[in-house]
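The next block holds one structure in the form of structure tokens; read it before the comments.
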Amino acid sequence: MAERIQAIRGMHDLLPDQTPRWQHVEAVLRRILAAYGYREIRLPLVEKTELFRRSIGEVTDIVEKEMYTFEDRNGDSLSLRPEGTAGCLRACLEHGLLHNQVQRLWYAGAMFRHERPQKGRYRQFHQLGVEAYGMAGPDIDVELILLCRRLWRELGIAEKLQLEINSLGVPEERAAYRAQLVDYFRAHYQQLDEDSRRRLETNPLRILDSKNPEMATLIAGAPTLADALGEDSRAHFRGLRERLDEAGVAYQVNPRLVRGLDYYSRTVFEWVSRDLGAQGTVCAGGRYDGLVEQLGGKDSAAVGFALGMERLIELLALPEDLARAGLPHGYLINLGQQAERQALLLAEQLRDALPELRLQVNCGGGSFKSQFKRADRSGALVALILGDDEARAGTVSVKLLRAEGEQRTLPQAELIPFLKTLL
Ligand code: ATP
Ligand code: MG
């Protein structure tokens, strides 16, 4: 036999048993996004590399070592999207969607990062991204958080997720803070790990984001950004916290929350779960007011979040009825030439009459025994049996597969009311 080709490491197939969970979550997401007035935008999977360099930042993990970058046949450098914010903003600027108007948008789909694959961390993964443009106050930040809370509630996982928030201030405030941080970490240079030493020169705030437990004590003693914020940023953050309190949203202020991407300003937040092991952040977002201008637009406010679908779905308990969601209600067994022909037509009539019905017709022949086995394996609730005798008489035999009951024969006309009881 020829050697089998395997999927790429970290890029997973979603098998039919798993897709009902995804479809369920996607349906809930769509409904709730619509309820808040967010509209879908669909974006290319590939963009010019320059777009990500300029938006995410040269010295971030993503751009330094995680992007799938390649030259296309014209010699242009292109990259598979590692996240959606840059492409979304690029599209909005390109099509004038930000001209004197606000926008509330969402997108969903695959993202690509060349990371070390492990539980909750893949090379192709899926995000829901939600972005709001043209609104500078903390009200819209709170709206996004409330939208998340509603999602968790609808999905039955509200108890499993905790909200952490922080304010990163504006770029000038961060620059001043950065200088303080560099002084602090320089004074403790011996305790820095290799990654942090490199970041000390390039992006010292990222040291705070380190996942190395040996760095935890040192990081806990570092000066905090909160002390470096000016009055406007403080007021913005206060506004955020007050509105969250009013809406009864529980949160923790985490002064170490800095987020991996360069473009954030003021509000940042993460929804974190303790049930997922090391990869506990399910949803992360914040304000990135500077980015619109950085990508060639007019100075404009922007805030958004991205939710990791794999991590979210990992948290879900699968409701009973969901396990059946994709499975057929009926399986139509047919024996003999005349019955085989009639089965296709009968099935069409049943589907016309019952649009919700999921019906599989046995194709490819087989003995009664083997067809019956297939009916059972299909997960169907009922086997419909059409032999040449039934075909001539205009009847069909029915046998329940998941419940007790004798096989019985019905006129074909009575099938519709019978099947209706299974839907
Ligand atoms: P992490 O700290 O886990 O690397 P990040 O800061 O790189 O996360 P973001 O870029 O903010 O992640 O992406 C938002 C969300 O997308 C994450 O909270 C997570 O749920 C999901 N996510 C990010 N990278 C991956 C990945 N490689 N595999 C699966 N999900 C991911
Ligand atoms: Mg990452």
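Counting convention: from 1, in listed order, for ligands and their atoms alike. If you read the sequence from its start, that first residue is 1, and numbering goes on from there.
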Note to self: So for ligand 1, is Thr281 a polar contact partner (N or O within less than 3.5 Å, distance only)?
What the structure shows: yes
Check: Do any nitrogen or oxygen atoms of Tyr122 lie less than 3.5 angstrom from nitrogen or oxygen atoms of ligand 1?
Finding: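 Yes, at least one N or O pair falls under 3.5 Å.
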Please check: side-chain N/O of [X] versus main-chain N/O of [Y], any donor-acceptor pairing under 3.5 Å?
{"X": "Ser55", "Y": "Leu51", "result": "yes"}
{"X": "Arg266", "Y": "Gly286", "result": "no"}
{"X": "Arg121", "Y": "Glu115", "result": "no"}

Note to self: Please determine whether any non-hydrogen atom of Lys211 lies less than 4.0 Å from an atom of ligand 1.
What the structure shows: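 Under 4.0 Å: yes for Lys211.
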Next item on the list: Say whether Arg311 and ligand 1 are in contact under the criterion: heavy-atom distance to a ligand atom below 4.0 Å.
Entry: yes
Next item on the list: Just let me know how Val282 lines up against ligand 1, side chain, backbone, both or neither, with a heavy-atom cut-off below 4.0 Å.
Entry: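 Near ligand 1, Val282 shows its backbone, while the atoms from C-beta on stay back.
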Show me the donor-acceptor pairs within less than 3.5 Å that the side chains of residues 416-423 make with the rest of the protein, sequence neighbours left out.
unit_1	atom_1	unit_2	atom_2	d
Thr421	OG1	Phe418	O	2.5

Enumerate, atom names and distances included, each donor-acceptor pair closer than 3.5 Å involving a side-chain atom of residues 352-364, sequence neighbours excluded.
unit_1	atom_1	unit_2	atom_2	d
Arg358	NE	Ala325	O	3.4
Arg358	NE	Leu327	O	2.6
Arg358	NH1	Ala325	O	3.3
Arg358	NH2	Arg324	O	3.4
Arg358	NH2	Ala325	O	3.1
Arg358	NH2	Leu327	O	2.9
Asn362	OD1	Tyr331	OH	2.6
Asn362	OD1	Arg374	NH1	3.0
Asn362	ND2	Gly365	O	3.0
Asn362	ND2	Gln371	OE1	3.3

Next item on the list: Show which atoms of ligand 1 fall inside a sub-4.0 Å distance from at least one heavy-atom site of Ala284.
Entry: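 What qualifies from ligand 1 is 11 (O).
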Note to self: Show me which atoms of ligand 1 lie under 4.0 Å from any heavy atom of Ala306.
What the structure shows: 14 (C), 15 (C)
Check: Is the closest side-chain donor-acceptor distance between Tyr251 and Asp245 under 3.5 Å?
Finding: yes
Next item on the list: Could you pull out, from Arg113, Gln118, Arg121, Gln127, the option with a heavy atom nearest to atom 10 (O) of ligand 1?
Entry: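 It is Arg113 that holds the nearest heavy atom.
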